[in-house]
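Comments concern the structure below.
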There are 2 protein chains.
Amino acid sequence: MASPRRIGAPDAKNRAVLLDAAEQLMLDEGYAAVTSRRVAAKAGLKPQLVHYYFRTMDDLFLAMLARQSEAGLDRQAKALASDRPLRALWELVTDPGGNVMTMEFVALANHRKTIRAEIARVAEQFRAGQIDAITQVGERYGLPPDVLVVLMTGISQVIVHERALGVSTGHEPTLALVEEHLRRLEGPAEPTEPTEPAVAAVAAVAEPGAGS
Amino acid sequence: MASPRRIGAPDAKNRAVLLDAAEQLMLDEGYAAVTSRRVAAKAGLKPQLVHYYFRTMDDLFLAMLARQSEAGLDRQAKALASDRPLRALWELVTDPGGNVMTMEFVALANHRKTIRAEIARVAEQFRAGQIDAITQVGERYGLPPDVLVVLMTGISQVIVHERALGVSTGHEPTLALVEEHLRRLEGPAEPTEPTEPAVAAVAAVAEPGAGS
DNA sequence: GTCTATACTTCGATAGAC
DNA sequence: GTCTATCGAAGTATAGAC
């Protein structure tokens, strides 16, 4: 597995530049656009540098995943610390920006065995954090927290996903149903501290998706 | 748009052979494996023949989609004609085989603009058929049929999808919840005519996926 | 109507120069 | 420690032979 070839320092400036470029490409054009040549072009560097800092393309993808998931888990932890964790979770999972990246990684996992295990591990981390935060409130709903989380994930995903595709039948009443339940559980949308993305996220589902 | 180049007859034998090969590749290794060279190799033909029968790769994908969706809509119509359409739908959407193909096409749509519109059109057709069949039973559930269909689609998709990835937290109790609701609505799993895949499909969600 | 010879592009990756 | 010259394989597609 180990290669004799040398590899760039983890904190080198160009390494980060390449990661940024790769991330942007993945967001804009999907994982298939993340090739050594295109990443380098976007970064204003030579293609061979990609292989210097990341020996293989899989290594690059893993590095992207690591950076993204770390940031994502942070954001999630902060959001779920709210006194309305259920609504916070809903806003999180209906955010089109964050989901584009996730979708790409999941699609990528279909074709890269190396990535699959790591994606699964990260996904379980996200889920564990969510269940943890919802645990208290879940009782009030009459559903176990893990079920609640799976339901919200499934419902939001199908809507966000189909929306991106151009399918919309049944979305509106379903969103209304979720909103009704959220309201019953945690009251209307206004949080204690004006965490402004509140309405934006839900509304965004009904709008053409934007980047993160 | 129109090319002066000639194209193979729609009913030529090798055209079907290529379609079969492409389908198998997509199922086994994902859409990224569907390249002119690999399809031809699997079919035992020369790569150039792919471009003879399908001018571009997009054309090949569209032909696959047409064949698949026609068969899928047929299967769905037959299944939903059951006297327990809700359970029939659930079995349909939790079938891992059928979903692998769907997932691949959806992922493909992310990267091929040409395909996207067609996928969306097909997806709406499936949904319309489902809503139509559920309409009668939906009333008894207290939820509009379109909401019911979106919910079932979302829940099943997240489970099938995560299962393929290796994520499983919360799946079992969620499946149990759905089963409980189905039972309440339409009674236990046994259908009038022994449509045997009944249990198999739900069980399959908890097992490593098999082909269609 | 069916298939082949061939061109051109882009890909991932390595060895070796600075 | 950083970057470049270069390779071999694979991808899509076309023009033209049978």
Side-chain angles (χ1 to χ4, degrees), chain A residues 1-22 25-26 28-65 104 107-108 111-115, chain B residues 1-22 25-26 28-64 104 107-108 110-115:
Chain A
M1 266 327 182
S3 154
R5 205 159 96 246
R6 289 179 293 171
I7 215 76
D11 59 334
K13 179 192 147 213
N14 278 346
R15 198 190 118 105
V17 172
L18 287 168
L19 269 179
D20 290 341
L25 264 174
M26 189 141 165
D28 293 344
E29 306 187 44
Y31 76 84
V34 180
T35 68
S36 46
R37 283 168 143 86
R38 298 209 52 193
V39 168
K42 185 147 220 141
L45 299 170
K46 303 252 166 128
Q48 303 95 312
L49 280 186
V50 173
H51 294 283
Y52 170 53
Y53 286 108
F54 314 93
R55 200 168 64 81
T56 68
M57 292 307 285
D58 276 4
D59 286 346
L60 169 60
F61 282 121
L62 286 174
M64 291 173 66
L65 179 59
E104 287 303 322
L108 181 63
H111 309 304
R112 304 252 182 174
K113 320 165 205 165
T114 327
I115 314 286
Chain B
M1 262 334 180
S3 153
R5 203 159 97 248
R6 286 179 296 169
I7 216 75
D11 58 335
K13 179 193 146 214
N14 278 345
R15 197 191 120 105
V17 172
L18 286 168
L19 268 180
D20 289 340
L25 266 175
M26 189 141 164
D28 294 343
E29 307 186 44
Y31 76 85
V34 181
T35 69
S36 45
R37 279 173 146 88
R38 298 211 51 194
V39 168
K42 184 146 222 143
L45 299 170
K46 302 249 168 135
Q48 303 95 311
L49 280 185
V50 173
H51 294 284
Y52 169 53
Y53 286 107
F54 314 94
R55 199 168 62 80
T56 69
M57 291 308 285
D58 276 4
D59 285 347
L60 169 60
F61 283 121
L62 286 175
M64 291 173 66
E104 286 304 320
L108 181 63
N110 259 332
H111 308 302
R112 304 251 182 174
K113 321 165 205 165
T114 326
I115 314 286

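Here is the naming used below: chain letters follow the sequence lines, and residue numbers restart at 1 for every chain.
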Which atom pair, heavy atoms only, marks the closest approach of Arg15(A) to Ala9(A)? CD-O, 3.6 Å
With a 4.5 Å limit on heavy-atom distance, are the side chains of Leu18(B) and Phe54(B) in contact? yes
Smallest heavy-atom separation, Ser36(B) atom then Val50(B) atom, equals O-CG2, 3.6 Å
Would you kindly check whether a donor in the side chain of Gln48(A) faces an acceptor in the base of dA13(C), or vice versa, at under 3.5 angstrom? no
Check whether any side-chain N or O of Tyr53(A) sits under 4.0 Å from OP1 or OP2 of dC3(D), and answer yes or no. yes
Can you see if the side chain of Asn14(A) gets near the phosphate of dT2(D) - specifically, an N or O under 4.0 Å from OP1 or OP2? no
Check the distance between dG11(D)'s P and Arg112(B)'s CZ and give it to me in whole angstrom. 12 Å
Do Leu60(B) and Leu19(B) touch side chain to side chain, with heavy atoms closer than 4.5 Å? yes
Sorted by number, the residues of residues 31-38 of chain B with heavy-atom contact under 4.0 Å to DNA chain D: Thr35(B), Ser36(B), Arg37(B), Arg38(B)
Please state how far atom CE in Met57(B) lies from atom P in dT14(D), giving the value in whole angstrom units. 13 Å
N/O contacts under 3.5 Å, protein versus nucleotides 16-18 of chain C?
residue	atom	partner	partner atom	Å
dA17(C)	N6	Arg6(A)	NH2	2.9

Between Lys46(B) (NZ) and dT4(C) (C1'), how many Å, whole number? 6 Å
Side chain of Arg55(B) only, please: which of dT14(D), dG1(C), dA13(D) is the nearest? dT14(D)
What is the distance, to the nearest angstrom, from the CG atom on Leu49(A) to the C1' atom on dT14(C)? 14 Å
State, yes or no, whether a side-chain contact exists between Tyr31(B) and His111(B) at a heavy-atom distance under 4.5 Å. yes
Over how many whole Å does the gap from Ile7(B) atom CD1 to dA15(D) atom P extend? 12 Å
Of the options Leu108(A), Thr114(A), Thr56(A), which is the one that meets Phe61(A) in a side-chain contact (heavy atoms from CB on, under 4.5 Å)? Leu108(A)
Report which part of the nucleic acid Phe54(A) touches: base, sugar-phosphate, or nothing (heavy-atom distance under 4.0 Å, all strands). nothing
Over all heavy atoms of both residues, which pair between Met57(A) and Val34(A) is shortest? Give the atoms and the distance, please. CE-O, 3.4 Å
Enumerate the salt bridge (Lys or Arg N to Asp or Glu O under 4.0 Å) contacts for residues 32-48 of chain B, please, sequence neighbours excluded, ordered by first and then second residue. Glu29(B)-Arg38(B)
Return the value, rounded to whole Å, for the distance between atom CG of Leu60(B) and atom P of dG11(D). 13 Å
Tell me: CG of Leu18(B) to P of dT2(C), nearest whole Å? 12 Å
If you measure from CG on Leu45(B) to OH on Tyr53(B), what distance do you get to the nearest 0.5 Å? 8.5 Å
Whole angstrom is fine here: how far is it from NZ in Lys13(A) over to C1' in dC3(D)? 14 Å
Under 4.0 Å: is that the gap between some side-chain N or O of Tyr52(A) and OP1 or OP2 of dC3(D)? no
